[in-house]
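Residue numbering restarts at 1 for every chain, and letters A, B, ... go by the order of the sequence lines. Everything quoted here is computed from the prediction, not taken from an experiment.
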Amino acid sequence: MSELYIRVAEDENEEPMEIPSEDDGTILLSSVAAQFPGACGLRYRNPESQCMRGVRLVEGVLHAPENDWGNLVYVVNYPKDNKRKMDEIDAASAVKVKRGFQKTSDLIVLGLPWKTSEQDLKDYFTTFGEVIMVQVKRDLKTGNSKGFGFVRFTEYETQTKVIAQRHMIDGRWCDCKLPNSKAGPDEPMRSRKIFVGRCTEDMTTDELRQYFMQYGEVTDVFIPKPFRAFAFVTFADDQSGLWQ
DNA sequence: GTTGAGCGTT
């Protein structure tokens with residue numbers, strides 16, 4: 001199969017953008033993410049059932065359904081945010097899942113010059129997008145900077161951009177990263193394995209996989225035998241099984 | 001009064 005372009009849109013009603021395929025007819029998730037930062041997969045409306053289906057994603061490579069992308073418009077998937085407690089999802093309510101707002105996180109800013117103030121930080125980061133807050137961590141006694149701080153942006157896109165590059169701040173190269181030790185109630189619990197309740201007996205592992213694929217790469221589907229009206233779906237990463 | 005990988009008093 002030679003190079004072709006498939007149409008991808010942020011939403012079914014949005015203007016599609018053409019994304020190039022690879023020589024073997026697959027599409028790289030990175031090609032999609034280049035146009036839609038933060039994308040974690042694709043889905044499409046099955047012309048026969050009129051249901052949304054996920055596009056198979058294996059190790060960053062998207063595979064055409066039935067080996068043919070056809071003339072469909074594919075819709076971008078983004079990691080969803082979870083407002084629910086724990087990881088419970090009703091299969092019945094999953095149909096109501098919509099594109100979730102992506103919550104931003106505090107970013108740690110490493111390598112700050114000793115002299116850099118919060119105003120300096122704010123002035124610098126505002127050039128990327130709207131800033132919610134900045135902090136410079138200081139020794140409480142002396143008031144000296146500890147050489148690192150935090151920043152939070154309004155837009156997730158801004159955060160993605162800021163993490164992706166190095167920053168020259170007051171004459172030093174600095175890095176912005178997602179902090180690790182953050183067990184605050186601020187962030188939702190993340191899990192790669194979700195509980196799917198209210199399953200009906202006719203649901204198959206393949207059907208569940210087909211459905212949940214649209215939210216990320218599915219690595220496992222577990223349905224207890226005999227029938228127990230629930231299932232577990234496991235994703236490849238912890239950003240996918242989050243909903244609202 | 002120094003320093004240069006890391007992980008946030010409220």
Side-chain angles (χ1 to χ4, degrees), chain A residues 29-30 32-34 36-41 57 59-60 76-89 99-195 215-217 219 234-244:
Chain A
L29 180 58
S30 56
V32 177
F36 303 93
C40 68
L57 171 67
E59 288 168 358
V76 183
N77 296 330
Y78 295 96
K80 302 296 191 291
D81 228 19
N82 191 0
K83 291 235 167 70
R84 285 195 169 209
K85 285 184 182 170
M86 306 196 293
D87 301 319
E88 283 195 33
I89 315 267
R99 182 212 198 285
F101 163 76
Q102 300 189 44
K103 209 166 84 171
T104 58
S105 318
D106 291 357
L107 300 180
I108 188 164
V109 189
L110 268 0
L112 288 175
W114 313 115
K115 55 173 259 210
T116 299
S117 68
E118 296 194 339
Q119 188 60 51
D120 295 334
L121 267 194
K122 180 153 190 173
D123 291 344
Y124 173 77
F125 283 116
T126 300
T127 63
F128 292 86
E130 192 184 342
V131 168
I132 296 176
M133 73 87 194
V134 291
Q135 294 176 340
V136 170
K137 291 302 169 190
R138 300 176 179 281
D139 184 291
L140 268 62
K141 271 201 187 123
T142 67
N144 292 334
S145 167
K146 290 181 168 172
F148 71 95
F150 291 87
V151 60
R152 189 159 190 158
F153 295 98
T154 311
E155 301 294 329
Y156 192 83
E157 284 70 20
T158 312
Q159 167 172 326
T160 309
K161 200 163 84 184
V162 165
I163 293 175
Q165 70 174 71
R166 303 250 286 156
H167 302 273
M168 177 59 74
I169 303 176
D170 291 339
R172 267 184 64 94
W173 285 110
C174 304
D175 294 301
C176 296
K177 302 175 178 174
L178 290 165
N180 35 202
S181 66
K182 189 173 49 175
D186 206 26
E187 291 291 310
M189 286 295 289
R190 286 176 179 174
S191 177
R192 295 180 308 164
K193 183 184 272 188
I194 61 163
F195 174 82
Y215 303 109
E217 182 173 356
T219 54
T234 307
F235 293 95
D237 66 81
D238 64 6
Q239 291 288 311
S240 301
L242 304 176
W243 324 77
Q244 80 176 358

*Asks:* Does the aromatic ring of F148(A) sit over the six-membered base ring of dG8(B), closer than 5.5 Å centre to centre and tilted less than 30°?
*Replies:*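 No; centroid distance or tilt outside limits.
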*Asks:* Which nucleotide, dG4(B), dC7(B), dG8(B), lies nearest any side-chain atom of N180(A)?
*Replies:* dC7(B)
*Asks:* In whole Å, I'd like the distance from the CD1 atom of I108(A) to the C1' atom of dA5(B).
*Replies:*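 Taking atom C1' of dA5(B) as the reference, CD1 of I108(A) is at 11 Å.
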*Asks:* Take atom CG of D139(A) and atom P of dT3(B), then tell me their distance rounded to the nearest Å.
*Replies:* 16 Å
*Asks:* Choose from dC7(B), dT9(B), dG8(B) the nucleotide whose nearest atom is closest to any side-chain atom of K146(A).
*Replies:* dT9(B)
*Asks:* The side chain of L110(A) is closest to which nucleotide in this list: dG4(B), dG6(B), dT9(B)?
*Replies:* dG6(B)
*Asks:* Roughly, in whole Å, what's the span from CG in D175(A) to P in dG4(B)?
*Replies:* 17 Å
*Asks:* From NZ of K141(A) over to P of dT10(B), roughly how many Å is that when rounded to an integer?
*Replies:* 18 Å
*Asks:* Name the nucleic acid region contacted by L107(A), choosing base, sugar-phosphate or nothing; use a 4.0 angstrom heavy-atom cut-off, strictly under.
*Replies:* nothing
*Asks:* Examine Y215(A) together with F235(A) and report whether their ring centres are nearer than 6.0 Å.
*Replies:*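 No - the distance between ring centres of Y215(A) and F235(A) does not fall below the 6.0 Å cut-off.
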*Asks:* Report yes if a side-chain nitrogen or oxygen of K137(A) is closer than 4.0 Å to either non-bridging phosphate oxygen (OP1 or OP2) of dT9(B); otherwise report no.
*Replies:*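 For K137(A), the contact criterion (side-chain N or O under 4.0 Å from OP1 or OP2 of dT9(B)) is met.
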*Asks:* Roughly how far, to the nearest 0.5 Å, is the NZ atom of K161(A) from the CZ atom of F128(A)?
*Replies:* 7.0 Å
*Asks:* Atom CG of L121(A) and atom C1' of dG8(B): how far apart are they, to the nearest Å?
*Replies:* 13 Å
*Asks:* Output yes when a side-chain donor or acceptor of T219(A) lies under 3.5 Å from a complementary backbone atom of T234(A), and no otherwise.
*Replies:* yes
*Asks:* In terms of the angle between their ring planes, are F148(A) and F150(A) parallel, tilted or perpendicular, with boundaries placed at 30° and 60°?
*Replies:* perpendicular
*Asks:* In whole angstroms, how far is the P atom of dG8(B) from the CZ atom of R138(A)?
*Replies:* 17 Å
*Asks:* How long is the line joining CG of D106(A) and P of dT10(B), in whole Å?
*Replies:* 13 Å
*Asks:* Between K177(A) and G147(A), just flag the one whose closest nucleotide in DNA chain B comes earlier from the 5' side.
*Replies:* G147(A)
*Asks:* Are side-chain heavy atoms of R152(A) and L107(A) found at a separation under 4.5 Å?
*Replies:* no
*Asks:* Compare the minimum distances between each of dT10(B), dC7(B), dT9(B) and the side chain of Q135(A), then state the nucleotide with the smallest one.
*Replies:* dT10(B)
*Asks:* To the nearest Å, how far apart are R152(A) CZ and dC7(B) C1'?
*Replies:*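 Going from R152(A) (CZ) to dC7(B) (C1'), I get 15 Å.
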